[in-house]
S.K.: 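Would you mind keeping the following structure in view while I ask a few things?
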Amino acid sequence: MARIRILIVEDSVVMRRLIADALSEDSDLEVVGTAADGRIALAKIPQVNPDVITLDVEMPVLDGLETLKQLRKTYPRLPVIMFSSMTERAAAATLDALALGANDYVTKPSKVAGAREALDTVKHDLIPKIKVFCRAPGSGVGVKPSRQIGVTPVPGRTKPFEVLVVGASTGGPNALATFLSGLGAGFNLPVLVIQHMPPTFTRLFAERLCRTSALSAREAQAGDRVCPGTILVAPGDFHMTLRRVADQVRVSLNQGPPENSCRPAADVLFRSAAEVYGAATFAVILTGMGHDGGRGCAAVHEAGGRCVVQDESTSVVWGMPAAVVNAGVADAILPLEQLAPHVIALTERKDGPLKTASRG
């Protein structure tokens with residue numbers, strides 16, 4: 001099988017060498033070129049014919065955003081993975097890049113990391129994403145389900161839903177923006193979101209959701225009340241769980257061990273929601289690499305709640321949804337644009353929000 005051809009676009013000589021060294025340790029990959037800025041990169045693309053590009057966010061001459069805009073005019077399907085530092089400016093630019101059509105991003109190693117640690121970080125974070133986006137057509141990312149599931153009723157259900165929990169990873173920022181904006185201003189359940197992102201990114205992402213959704217959205221803090229019509233996004237590097245305090249439900253945050261190599265993890269939140277809300281839990285898994293959410297949805301299913309996933313055709317990566325389907329706990333597999341109407345149809349309440357989830 002031909003090796004995956006990679007063009008590295010990065011202004012730092014040290015970082016270019018680090019990325020190239022990390023990728024060269026994998027026999028499936030081949031670095032076919034490097035570029036110190038976007039202008040050089042755009043000229044090199046037709047020369048080296050890459051299968052994927054790693055694109056630095058902050059560069060002189062032509063930065064990552066402007067490069068991506070021009071690149072997408074000519075190469076709309078060429079996979080692009082942004083390479084971002086952890087600064088607020090870079091995080092905001094990375095979120096802009098995802099909205100402009102970048103496939104995903106990785107963050108640069110810490111400046112205090114040693115050479116081997118930095119190399120291992122790049123290998124761990126970047127190589128799996130390169131391979132996901134450059135697989136041969138038809139090979140799929142998640143295991144194919146043995147059956148497809150359409151909308152199914154909730155037979156004999158009398159208990160109303162009280163909370164909506166949502167998990168996403170690769171492709172999630174755009175999918176979440178679409179899904180949550182579709183819920184509308186009248187949606188009266190609390191919404192708790194796990195998006196695999198590092199610190200700073202999650203706060204900025206929550207602020208963007210607040211602008212694009214009719215619901216209030218913010219990054220969760222320890223002790224927050226879980227309120228109807230409010231979106232709480234788990235902060236980067238913290239698991240989010242729930243606990244009952246008298247007639248209220250409040251958020252707890254912790255830095256327990258990562259699950260599925262993730263912190264925050266959907267499995268952690270979903271299990272906690274199933275314990276607190278039981279059959280009143282509605283779970284949604286959107287596009288994402290890996291299998292986070294599979295065990296959490298199993299817990300929701302076991303408690304009598306409902307689990308719905310985004311379908312393969314509208315997912316950037318059908319890994320997380322496939323994990324739920326293959327566990328046999330998906331009540332519906334739906335295209336992204338049909339998820340919000342489905343949730344609304346099954347969660348509309350005639351008697352108003354529960355006192356245990358009152359606004360505060």
S.K.: Does any N or O in the side chain of Ser24 come within less than 3.5 Å of the main-chain N or O of Asp21, such that one atom is a donor and the other an acceptor?
M.R.: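 Looks like yes, one N/O pair under 3.5 Å.
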S.K.: Using side-chain heavy atoms (C-beta onward) and a distance below 4.5 Å, is Ser12 in contact with Glu10?
M.R.: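 Contact flag for Ser12/Glu10 side chains = yes.
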S.K.: Check the pair Thr287, Gln310 against side-chain hydrogen bond (donor to acceptor under 3.5 Å, both in side chains), reporting the backbone distance first and the verdict last.
M.R.: CA-CA 6 Å; Thr287 173; Gln310 184 177 353; 5.1 Å; no
S.K.: Apply salt bridge (Lys or Arg N to Asp or Glu O under 4.0 Å) to residues Lys131 and Asp51 and explain how you reach the verdict.
M.R.: CA-CA 10 Å; Lys131 291 185 176 182; Asp51 298 308; over 6 Å; no
S.K.: Considering non-hydrogen atoms only, spot the tightest contact between Ser84 and Ala91 and give its length.
M.R.: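 Minimum heavy-atom contact is OG-N, 4.2 Å.
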S.K.: Could you check whether any side-chain N or O of Asp331 sits under 3.5 Å from a backbone N or O of Cys307, counting only pairs where one atom can act as donor and the other as acceptor?
M.R.: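 Yes, Asp331 side chain to Cys307 backbone: donor-acceptor pair under 3.5 Å.
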S.K.: Start with the C-alpha distance between Arg306 and His301, add both sets of side-chain angles, then the distance that settles side chain to side chain contact (heavy atoms under 4.5 Å, CB included), and finish with yes or no.
M.R.: CA-CA 6 Å; Arg306 187 169 181 85; His301 180 79; over 6 Å; no
S.K.: Taking side chain as C-beta onward, heavy atoms only, is Leu269 less than 4.5 Å from Leu242?
M.R.: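 Side chain of Leu269 against side chain of Leu242, heavy atoms only: contact under 4.5 Å found.
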S.K.: Answer yes or no: is there an ion pair linking Asp120 with Arg116, defined by an N-O contact shorter than 4.0 Å?
M.R.: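 Salt bridge: yes.
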S.K.: Should Asp224 and Arg250 be marked as a salt bridge (Lys or Arg N to Asp or Glu O under 4.0 Å) after you check the CA-CA gap, both sets of side-chain angles, and the distance that decides it?
M.R.: CA-CA 5 Å; Asp224 275 347; Arg250 292 188 178 271; over 6 Å; no
S.K.: Less than 3.5 Å apart, any donor N or O on the side chain of Glu219 or Thr202 sitting next to an acceptor on the other?
M.R.: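 Present: a donor and an acceptor within the cut-off.
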S.K.: How far does SG of Cys262 sit from CE of Met289, to the nearest 0.5 angstrom?
M.R.: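 One finds 9.0 Å between SG of Cys262 and CE of Met289.
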S.K.: Between Arg218 and Glu207, does any side-chain N to carboxylate O distance fall below 4.0 Å?
M.R.: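 A salt bridge is absent here (no side-chain N lies under 4.0 Å from a carboxylate O).
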S.K.: If you compare all heavy atoms of Ile344 against all heavy atoms of Leu183, which two are closest, and at what distance to 0.1 Å?
M.R.: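 In this case the closest contact between Ile344 and Leu183 is CD1-O, 3.5 Å.
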S.K.: Does Tyr105 have its ring centroid less than 6.0 Å away from the ring centroid of Phe201?
M.R.: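 Ring centres of Phe201 and Tyr105 closer than 6.0 Å.
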S.K.: Salt-bridge test for Lys108 and Asp56: reply yes if a basic N is under 4.0 Å from a carboxylate O, no otherwise.
M.R.: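 Salt bridge between Lys108 and Asp56, a charged N being under 4.0 Å from a carboxylate O: yes.
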S.K.: Is it true that, when you exclude Arg39 itself, more than 12 heavy atoms of the residues, nucleotides or ligands shown sit nearer than 6.0 Å to its CZ?
M.R.: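 No, not enclosed.
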S.K.: Show the numbers, then the answer: is there a side chain to side chain contact (heavy atoms under 4.5 Å, CB included) between Thr54 and Leu126?
M.R.: CA-CA 9 Å; Thr54 67; Leu126 182 58; 4.0 Å; yes
S.K.: Do side-chain atoms of Asp237 reach the backbone of Pro199 as a donor and acceptor pair under 3.5 angstrom?
M.R.: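 Not at all, since once roles are kept as given, no pair shorter than 3.5 Å links the two residues.
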S.K.: Rounded to the nearest 0.5 Å, what separation is found between the CZ atom of Phe161 and the OG1 atom of Thr281?
M.R.: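 Rounded to the nearest 0.5 Å, the CZ-OG1 separation comes to 8.5 Å.
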S.K.: Does a side-chain heavy-atom distance below 4.5 Å link Leu65 with Thr67?
M.R.: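 Leu65 vs Thr67: side chains apart.
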S.K.: Salt bridge check: are Arg3 and Asp26 linked by an N-O gap of less than 4.0 Å?
M.R.: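 Salt bridge: no.
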S.K.: Indicate if Leu68 and Ile40 have the same hydrophobic cluster label, given that clusters are the connected sets of ILVMFWY residues with side-chain heavy-atom separations under 4.5 angstrom.
M.R.: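 Result: no, two separate clusters.
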S.K.: Do Ser252 and Thr241 have side-chain heavy atoms sitting under 4.5 Å apart?
M.R.: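 Yes, their side chains come closer than 4.5 Å.
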S.K.: Under a 4.0 Å threshold between the charged nitrogen and the carboxylate oxygen, would Asp96 count as salt-bridged to Lys69?
M.R.: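 So Lys69 does not pair with Asp96 through a salt bridge.
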S.K.: Given the ring of Tyr277, does Arg244 sit roughly above its face, with NZ or CZ under 6.0 Å from the centre of the six-membered ring and within 45° of the axis?
M.R.: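 The answer is yes, since Arg244 meets both limits relative to Tyr277.
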S.K.: Please report the closest heavy-atom contact between Leu215 and Gly229, naming both atoms and the distance.
M.R.: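 In this case the closest contact between Leu215 and Gly229 is CB-O, 3.6 Å.
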S.K.: With no hydrogens and no angle check, do the side chains of Asp311 and Thr314 hold a donor and an acceptor under 3.5 Å apart?
M.R.: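 There is such a pair (donor and acceptor under 3.5 Å, judged by atom type) between the side chains of Asp311 and Thr314.
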S.K.: Tell me the closest heavy-atom pair linking Ala97 and Met82, and the distance in Å.
M.R.: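 Reported closest heavy-atom pair: CB-CG, 3.7 Å.
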S.K.: As an exercise, state the distance from CG of Leu286 to OG1 of Thr170, rounded to the nearest 0.5 Å.
M.R.: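 The CG atom of Leu286 sits 12.0 Å away from the OG1 atom of Thr170.
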S.K.: Does Phe187 reach the side chain of Leu164, with side-chain heavy atoms less than 4.5 Å apart?
M.R.: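 The answer is yes, as the side chains (C-beta and beyond) meet within the 4.5 Å cut-off.
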S.K.: Kindly compute the distance separating CD1 (Ile285) from CG (Leu339), expressed to the nearest 0.5 Å.
M.R.: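 Atom-to-atom, Ile285:CD1 and Leu339:CG are 11.0 Å apart.
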S.K.: Using a cut-off of 6.0 Å, state whether more than 12 heavy atoms not belonging to Arg17 lie near its atom CZ.
M.R.: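 12 or below, so no.
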S.K.: List the atom of Val32, the atom of Leu7, and the distance in Å for their closest heavy-atom pair.
M.R.: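 Taking every non-hydrogen atom into account, CG2-N, 4.4 Å.
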S.K.: More than 12 foreign heavy atoms under 6.0 Å from CD of Gln221: is that the case here?
M.R.: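 Counting neighbours around CD of Gln221, 12 or fewer heavy atoms of other residues, nucleotides or ligands fall under 6.0 Å, so no.
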S.K.: Looking at OG of Ser272 and CE of Met240, how far apart are the two atoms once the value is rounded to the nearest 0.5 Å?
M.R.: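 The distance works out to 9.0 Å.
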S.K.: Please check: side-chain N/O of Ser181 versus main-chain N/O of Thr178, any donor-acceptor pairing under 3.5 Å?
M.R.: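 Answer holds: yes.
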S.K.: What verdict does the side chain to side chain contact (heavy atoms under 4.5 Å, CB included) test give for Val80 and Phe133, after you've listed the backbone C-alpha separation in whole Å, the side-chain angles of each residue and the deciding distance to 0.1 Å?
M.R.: CA-CA 9 Å; Val80 176; Phe133 292 119; over 6 Å; no
S.K.: Taking atom CD of Glu337 as the centre, report whether more than 12 heavy atoms of other residues, nucleotides or ligands fall under 6.0 Å from it.
M.R.: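 Atom CD in Glu337 is packed in, count exceeds 12.
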S.K.: Could you go through Glu88 and Leu204, starting from their C-alpha distance and side-chain angles, then the distance that decides it, and tell me whether this counts as side chain to side chain contact (heavy atoms under 4.5 Å, CB included)?
M.R.: CA-CA 8 Å; Glu88 184 160 334; Leu204 296 175; 3.9 Å; yes
S.K.: Would you confirm whether His239, through its side chain, and Pro257, through its main-chain N or O, come within 3.5 Å as a donor-acceptor pair?
M.R.: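 Between the backbone of Pro257 and the side chain of His239 there is a qualifying donor-acceptor contact (under 3.5 Å).
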S.K.: Are the charged groups of Glu275 and Arg271 less than 4.0 angstrom apart, N to O?
M.R.: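 Salt bridge between Glu275 and Arg271, a charged N being under 4.0 Å from a carboxylate O: no.
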S.K.: Are any side-chain N or O atoms of Arg208 and backbone N or O atoms of Ala92, one a donor and one an acceptor, separated by less than 3.5 Å?
M.R.: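 Yes, the answer is positive, given that a donor and an acceptor are paired below the 3.5 Å cut-off.
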S.K.: Quick check for you: to the nearest 0.5 Å, what is the distance between Ile194 atom CD1 and Asp267 atom CG?
M.R.: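 So the gap between those two atoms works out to 10.0 Å.
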S.K.: Is Val276 linked to Val268 within one hydrophobic cluster, defined over Ile, Leu, Val, Met, Phe, Trp and Tyr using a side-chain heavy-atom separation of less than 4.5 Å?
M.R.: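 No, it is not one cluster - the side chains of Val276 and Val268 are not joined through contacts under 4.5 Å.
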S.K.: Please name the pair of heavy atoms, one in Thr34 and one in Val31, separated by the smallest distance, quoted to 0.1 Å.
M.R.: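 Minimum heavy-atom separation between Thr34 and Val31: CG2-CG1, 4.3 Å.
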S.K.: Would you indicate whether the side-chain heavy atoms of Leu232 and Pro190 approach each other to under 4.5 Å?
M.R.: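 No, their side chains stay 4.5 Å or more apart.
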S.K.: Donor-acceptor check, side chain of Arg72 to backbone of Gly101, threshold 3.5 angstrom: yes or no?
M.R.: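 Yes; judged by distance alone, with no hydrogens or angles, the pair exists.
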S.K.: Any side-chain heavy atom of Glu312 within less than 4.5 Å of one from Ile333?
M.R.: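 SC-SC contact between Glu312 and Ile333 ruled out.
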S.K.: Is there side-chain contact between Ile8 and Phe83, with heavy atoms separated by less than 4.5 Å?
M.R.: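 No; the side chains remain at least 4.5 Å from each other.
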